[in-house]
Each structure stands twice: as C-alpha cells, then as structure tokens.
There are 2 protein chains.
Amino acid sequence: MKSLEKIRNAGLRPTKQRLVIADILLDGQNRHFTAEDLQDEISSSGNYMSIGTVYNCLKKFRECGLIKQVKYSKDTAVFDTNTNHHHHFLDEETGQLIDIDNNKVILKNIPEIPNGFINNGVEVIIKLKRNN
Amino acid sequence: MKSLEKIRNAGLRPTKQRLVIADILLDGQNRHFTAEDLQDEISSSGNYMSIGTVYNCLKKFRECGLIKQVKYSKDTAVFDTNTNHHHHFLDEETGQLIDIDNNKVILKNIPEIPNGFINNGVEVIIKLKRNN
DNA sequence: AAGTAGTTTAGAATGATTTTAAAGTAAATA
DNA sequence: TATTTACTTTAAAATCATTCTAAACTACTT
Ligand SMILES: [Mn+2]
Ligand SMILES: [Mn+2]
Ligand SMILES: [Zn+2]
Ligand SMILES: [Zn+2]
C-alpha cells in the first residue's frame, strides 16, 4: 500500500511532510526512534522539516494508530513502528529496544485486577545487561 | 531502625535534609511519588527544602538503593519506596501505580536472550482502564 | 581546633517538547 | 474553476522538569 493511501485510510490529510515521514517509517521494518532521529533521517533523504512539524506529525500518527510510543526506554520520547501488541528487551545502558513477539511470552498467573478497573493490556520488559 | 541508622548504613552522610526525607519516605509504606510530591510533603511536615536538594537527595537515595525509580508512569520522574523486585498495575490516564508482588506473576515462557546480553530482570506492567 | 570533602541553596542554564501566530495548503463549496 | 474554510507548517518564543554553578555551610577526619 502506498503512503498516500495509508495516510488517507488513517483519516489524515496527506501533506507533503506526512508523506515524507510515512515513506520513511511505514516500510514494514520495525523501528524505535526519537523525534530527532527521525528528523535526521528526513535530512538524509534530502528533505527538510522543522522539529515542530516532526513532533506534530508523530503525535497525529500516534493518535490514529499508525505508530506507538514507548515510555520506558529513554528520557526523551521514543516511538515504535510496530503497532502489534508486543513486548521488549531493553538495554538500560543505551535505551536500545528489541521487539518480542506477543506469543513468545506466556504469563501463567495474572493477579486479580483492582476494583473499578479492567485489564487494558500487559506489557513485559526484559531488562538486559551486556555480558562482560 | 532509625532514619539516622538507615542513612549511615547506606553510606550517606546524615544531613538534616536527608533525615527529613528519610523520616517521610522510609516508614514502611510503599509509595510512588515525584520530586514535587515529596517537596509538598516536606512543606506539610513544617520543613523547607529547595527543589535542588530534593532532587539531589532522591538521586543519592536511588544510587545507594534506598529507593527505586519507575520509568513508565508519568513524563516526570516517579520514585518508588518499594525496593523489592516487583511489578505494577498502571492506570495510564492518571499515572497511578499499584504494586504487584513478584510472586503473583509467573512467566511460563521467557524468550531467548539476545547474544551478548544477560537477563537483568523482568518487569511486568498491567495497564488498567476505569471500568465505566 | 583546623582542615577537607561533601552538601545545600538560589538562581541560572539546559534541553525536550509545546505553544504562538502568521503564512501556506488541502478539501469543501459555490 | 474560483472562493471559502479548516487544517497544517514554520520560526521563534515559551514552558517546565531537571541539572548545573558557585558561594556559603556542615559533617567528618586529623
Ligand atoms: Mn541529530
Ligand atoms: Mn506542589
Ligand atoms: Zn517495539
Ligand atoms: Zn512500586
């Protein structure tokens, strides 16, 4: 599917900037990146985009489910092009994330959900340390 | 154990400010709080402390293992007085955390650790949504 | 008591993200 | 197609949590 269609299907206006970002991000690869990482890739691809627009686009993409955001990697916002329910290995030193397929992790016990709430998704983080 | 001992045992100098904080935090209750939350509690207890000092103390307490830090709750730093290995319920709307005992969660499968790394701890987050 | 290293503080600096408001563009309407 | 409307982009300023700076202070050592 073309970037134009993906953006239209998501209910967003296909601006030049959103198309540039969609071309970079929505290529089937699973990536974890910051706003600045993306701005650098945009530059490398021969385009220019203000950092404000990068943030605006990422917010819109997130809101309509084209990407996700990961909260535990770095102190800066990290986005994730893998929109499936999945888990992560996390190298706490560097913030590097590696995807874990949902079906690779099986929880035997899940504790009782507190009163007034419902389970809205389980996320497993396996923290990693370099071995030597 | 008295706050003075706890601080000494942790290898820190028992300053007036660290004692005030230890009195508030290390009372056996399990709390999740921000630097500003703590500064408010310090004020309520009739003491004054600059926000810089609150941050300095929390950093020292964290470094010597008297408290932990949770990375996925809010955008601001959240600290945790429960230093045992444990998991969390997370209300994503509010950032509220509820502790889950380590033994309440059993993982049946853990995927193979990537090459060059070792497992440095598994953390489970059960996201919650208000039910109605 | 004197010296040294560590700590507190107000205020400045930092840096990621958001806001502002003006100019530009996509979609809707005539 | 021309006009209108709503949304988007942008540079620059603002925000805000956190860290840094450097001077005054304090705990510990000798
Ligand atoms: Mn860069
Ligand atoms: Mn407050
Ligand atoms: Zn991922
Ligand atoms: Zn906790």
Side-chain angles (χ1 to χ4, degrees), chain A residues 2-24 32-43 45 47-64 66-80 95, chain B residues 2-24 32-43 45 47-64 66-80 95:
Chain A
K2 291 222 301 250
S3 291
L4 183 71
E5 289 180 74
K6 288 178 192 156
I7 290 173
R8 281 239 160 82
N9 290 348
L12 297 177
R13 283 193 185 179
T15 64
K16 177 169 172 295
Q17 290 80 0
R18 287 174 186 165
L19 286 166
V20 167
I21 290 180
D23 282 345
I24 291 172
H32 305 101
F33 61 96
T34 66
E36 210 198 329
D37 291 339
L38 176 57
Q39 197 186 32
D40 288 349
E41 281 200 75
I42 292 166
S43 295
S45 77
N47 293 285
Y48 169 81
M49 206 173 302
S50 77
I51 192 66
T53 301
V54 174
Y55 277 106
N56 286 343
C57 290
L58 288 172
K59 188 178 187 183
K60 285 288 185 185
F61 277 36
R62 170 163 50 74
E63 283 169 358
C64 68
L66 287 172
I67 62 176
K68 287 177 155 188
Q69 187 169 357
V70 179
K71 307 218 66 171
Y72 40 79
S73 171
K74 308 195 183 170
D75 288 332
T76 65
V78 170
F79 297 89
D80 191 341
Chain B
K2 292 222 297 248
S3 291
L4 183 70
E5 290 179 74
K6 288 176 191 158
I7 290 173
R8 279 237 161 82
N9 289 348
L12 297 177
R13 284 195 184 179
T15 65
K16 176 169 172 296
Q17 290 79 359
R18 287 174 184 167
L19 287 167
V20 167
I21 290 181
D23 282 344
I24 290 172
H32 305 100
F33 60 95
T34 66
E36 210 198 329
D37 291 338
L38 177 57
Q39 197 186 31
D40 287 349
E41 281 200 76
I42 292 166
S43 295
S45 77
N47 293 285
Y48 169 83
M49 205 173 301
S50 77
I51 192 66
T53 301
V54 175
Y55 277 105
N56 287 343
C57 290
L58 287 173
K59 187 178 187 180
K60 285 290 186 184
F61 278 36
R62 171 163 49 75
E63 282 169 0
C64 69
L66 287 173
I67 62 176
K68 286 178 158 187
Q69 187 169 359
V70 179
K71 307 218 66 174
Y72 41 81
S73 171
K74 308 195 182 170
D75 289 332
T76 65
V78 171
F79 298 89
D80 192 339

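For residues 67-79 of chain B, the pairs satisfying salt bridge (charged side-chain N to carboxylate O under 4.0 Å, His left out) are A:K71-B:D75, A:D75-B:K71, with sequence neighbours left out. The side chain to side chain donor-acceptor pair (under 3.5 Å) analysis of residues 5-23 of chain A, with sequence neighbours excluded, yields the pairs A:S3-A:D23.
Among residues two or more places apart in sequence or in another chain, the side chain to side chain donor-acceptor pair (under 3.5 Å) test is passed with B:D80 by B:H32, B:H86, B:H88. In terms of the side chain to side chain contact (heavy atoms under 4.5 Å, CB included) criterion, residue partners of B:S50 (sequence neighbours excluded) are, by chain and number, B:Y48, B:T53. Evaluation of the side chain to side chain donor-acceptor pair (under 3.5 Å) rule for A:E63 yields no partner, not counting sequence neighbours.
The separation between B:I7 atom CD1 and C:dG6 atom C1' is 15 Å, rounded to whole Å. If you take CD of B:Q39 and C1' of C:dA10, they are 13 Å apart, rounded to a whole angstrom.
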**Study point:** Under 4.0 Å protein heavy-atom contact, by nucleotide of nucleotides 7-17 of chain D - B base, S sugar-phosphate only
**Key:** BSBBS-----S
